[in-house]
Amino acid sequence: MAMAPGGRRCLLLLLLLLLSVLGPPALGDPGPLEDVVIDRYYIPKICLREAQMGDFIRYHYNGTFKDGKKFDSSYDRGATVAGVVGVGRLITGMDRGLQGMCVNERRHLIVPPHLGYGSIGVAGLIPPDATLYFDVVMLDIWNKNDKLQITTLSKPERCNRTVENSDFVRYHYNGTLLDGTPFDSSKGSTYDTYVGTGWLIKGMDQGLLGMCAGEKRSIIIPPFLAYGEKGYGTVIPPQASLVFSVLLVDFHNPKDGVFLEHLEVPESCTRRAVTGDFVRYHYNGTLMDGTLFDSSYSRNQTYNTYIGKGYIIPGMDQGLQGVCMGEHRRVVIPPHLAYGENGAGDKIPGSAVLIFDVHIIDFHNPEDPVEIQTVFRPEGCNVTTRNRDFVRYHYNCSLLDGTRLFSSHDYEKPQEVTLGANKVIEGLNSGLLDMCAGERRVLIVPPHLGHGESGARGVPGSAVLRFEVELISMEEGVPEGYLFIWHGDPPANLYEQMDLNKDGGIPAEEFSTFIKTQVAEGKGRLMPSSDPEKVIADMFRNQDRNQDGKITPDELKLKSDEDQEKIHEEL
């Protein structure tokens, strides 16, 4: 039965499909191969270079005959094969079959006899006219003209300085062969060495130059800048290119001094710290890679010390010289001015560069007086305060960083005190002397004239204090030890005048009336106090020596006479 044209086309397609699955019908031996047959059965996704004629290569292989019998293997010898490709040092089939390969590529090569060992073969190993089968993996490719390959993987934003020859560096690294086989690692601890002095292979000496602390690099080193023909032990074969992934932790030069960076300097800086000053400051201490090793902020307490006297590491002794109050400064200290090769504790490694970000709170010298700045002084100021005067004043007290401590404005009345009576800190007492009513001052009080090393409630130890004071009023005082003084000479017949009812005894009422009259008439004055009655009562008790409630002529003595009697008794 005749088949329709459409049916014939379907049958033809079916036959072609079967041929594609089963292969063509046997036509006999196609004859000898004319060239090497290459099967690239594994090609890596990344291929930075392909083997070219004249390149040095390193590879592993298994060599077999058609029946699978092995005649040679680099794996069995435990050593890779290294040589130059394409220059006739290999059998022609291998020379051709290796060209164009990538590192980690795998190939299956079929080498015909005329491109292998021909009709002669190799006695006892390869028979004449043998076709050879090679399974090859490429491990390394390089050329004599190669240079160091440096790839920057990451770099910090700030980089004030880069590595130079003779610098001492600390870095982490992972080392692999070109095919990714690891051979070494810093394993959690840095590798510490000098650069450019022959302590490292040439490629690493060159590859570290120009790095910033915190920078990451990939460094590919050809064998002639690494371990060359000899390799290194069992981990680095001869003629091996090396790949290092490097993280530079820090570096310094033995000739380095302290490096200062002035981050923030106050506009007003009337004085800078010098040797012998006592400084209070906050700080963060980090390594060059940013690792925090200490902080005064975490303790919520300033670090307090003398500078230039050896109480702190030499680098900080130098780094704090010349600071202003309120300044923010970065101090970079090389290890020979810090903790040296041994480091400190478990947070500061040996040979570590230290970075201190400091904020100067205040400083003073044990010889400093009170610093007085007159803000306002009234015209016609003729009467000024002296010790023993009674004064009323307003004040604001703060630390030099602006931290508010105390203020008289928080209370209903101004502060009241008798100057020179040890009722206020010495520095404030000094600062209130020689003031006029209405005068305003700023007082800078060093701690030895303030609250000292121990501080007080709300006042840190060794703190310099800033007072803004305004004198509201003043009353002339009396000498120390006196409760009342005469403005002129006392009456010659003092007892008779004081004995108002002339009964030969002076009770408390008569005494009080007499003293108040003298004050009212301006003939004398009491010790300034908020309670005159208490002062007069104290005066009466002092004169009523037998405490019988009245003063007799024998008991009444002037304070000046008593003082003279004491001097006479002592003599």
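- Partner of Leu432 under the side-chain contact (heavy atoms from CB on, under 4.5 Å) criterion, chosen from Tyr393, Tyr395, Phe467: Tyr393.
- Residues Tyr311 and Asp317 have side chains that never bring a donor and an acceptor to within less than 3.5 angstrom of each other.
- No more than 12 heavy atoms of other residues, nucleotides or ligands lie within 6.0 Å of OH in Tyr411, so this atom counts as exposed by the packing criterion.
- Classified by interplanar angle (parallel below 30°, tilted 30° to 60°, perpendicular above 60°), the ring pair Phe244/Phe183 is perpendicular.
- For an aromatic pair to be called close, the ring centres must be under 6.0 Å apart, and His359 with His328 satisfies this.
- Between Arg525 and Glu476 there is a salt bridge, since at least one side-chain N of the basic residue sits less than 4.0 Å from a carboxylate O of the acidic one.
- Taking the side chain as every heavy atom from C-beta outward, Ser512 and Phe540 never approach each other to under 4.5 Å.
- In this structure, the separation between CG on Asp554 and OH on Tyr495 is 9.0 Å, given to the nearest 0.5 Å.
- For Glu327 and His262, the side-chain atoms include at least one donor-acceptor pair closer than 3.5 Å.
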Show your reasoning for whether salt bridge (Lys or Arg N to Asp or Glu O under 4.0 Å) applies to Asp499 and Lys550.
CA-CA 10 Å; Asp499 183 9; Lys550 62 182 179 179; over 6 Å; no
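- Between Glu533 and Lys516 there is a salt bridge, with a side-chain nitrogen of the basic residue lying less than 4.0 Å from a carboxylate oxygen of the acidic one.
- For Glu367, the CD atom sits in a loose shell: 12 or fewer heavy atoms of surrounding residues, nucleotides or ligands are nearer than 6.0 Å.
- A 6.0 Å sphere centred on CG of Asp548 holds more than 12 heavy atoms belonging to other residues, nucleotides or ligands.
- Counting only N and O atoms by type, the side chains of Ser408 and His394 include a donor and acceptor under 3.5 Å apart.
- With hydrogens and angles ignored, the 3.5 Å screen pairs a side-chain donor or acceptor of Thr513 with a backbone N or O of Glu509.
- The side-chain hydrogen bond (donor to acceptor under 3.5 Å, both in side chains) test with Arg280 is passed by exactly one of Asn304, Asp362, Thr305: Asp362.
- Residues Glu261 and Arg158 are paired through a salt bridge, judged by an N-O separation under 4.0 Å between the basic side chain and the carboxylate.
- More than 12 heavy atoms of other residues, nucleotides or ligands shown are found within 6.0 angstrom of CZ on Arg299.
- Side-chain contact check for Thr374 versus Glu439: some heavy-atom pair is nearer than 4.5 Å.
- Environment of CG in Asn493: crowded, with over 12 heavy atoms of neighbouring residues, nucleotides or ligands closer than 6.0 Å.
- Put simply, the side chain of Pro334 does not reach to within 4.5 Å of the side chain of Asn253, judged on heavy atoms.
- The aromatic rings of Trp199 and Tyr194 stand perpendicular to each other, their planes meeting at an angle above 60°, with 30° marking the opposite boundary.
- For the residue pair Thr275 and Gln321, a side-chain donor N or O sits within less than 3.5 Å of a side-chain acceptor on the partner.
- Using a 4.5 Å heavy-atom cutoff, the side chains of Thr197 and Val195 are not in contact.
- Between Phe293 and Phe356, the gap from one ring centroid to the other is short of 6.0 Å.
- Counting non-hydrogen atoms of other residues, nucleotides and ligands closer than 6.0 Å to CD of Glu412 gives a total of 12 or fewer.
- Thr190 and His172 share no side-chain donor-acceptor pair at under 3.5 Å.
- Residues Arg271 and Asp277 meet the side-chain proximity criterion, which asks for heavy atoms closer than 4.5 Å.
- Ser185 and Asn174 share a donor-acceptor pair across their side chains, judged by distance under 3.5 Å alone.
- Judged by a 6.0 Å distance limit and a 45° cone about the ring axis, Lys309 is positioned over the six-membered ring of Tyr306.
- Within a 6.0 Å sphere centred on NZ of Lys255, other residues, nucleotides and ligands contribute 12 heavy atoms or fewer.
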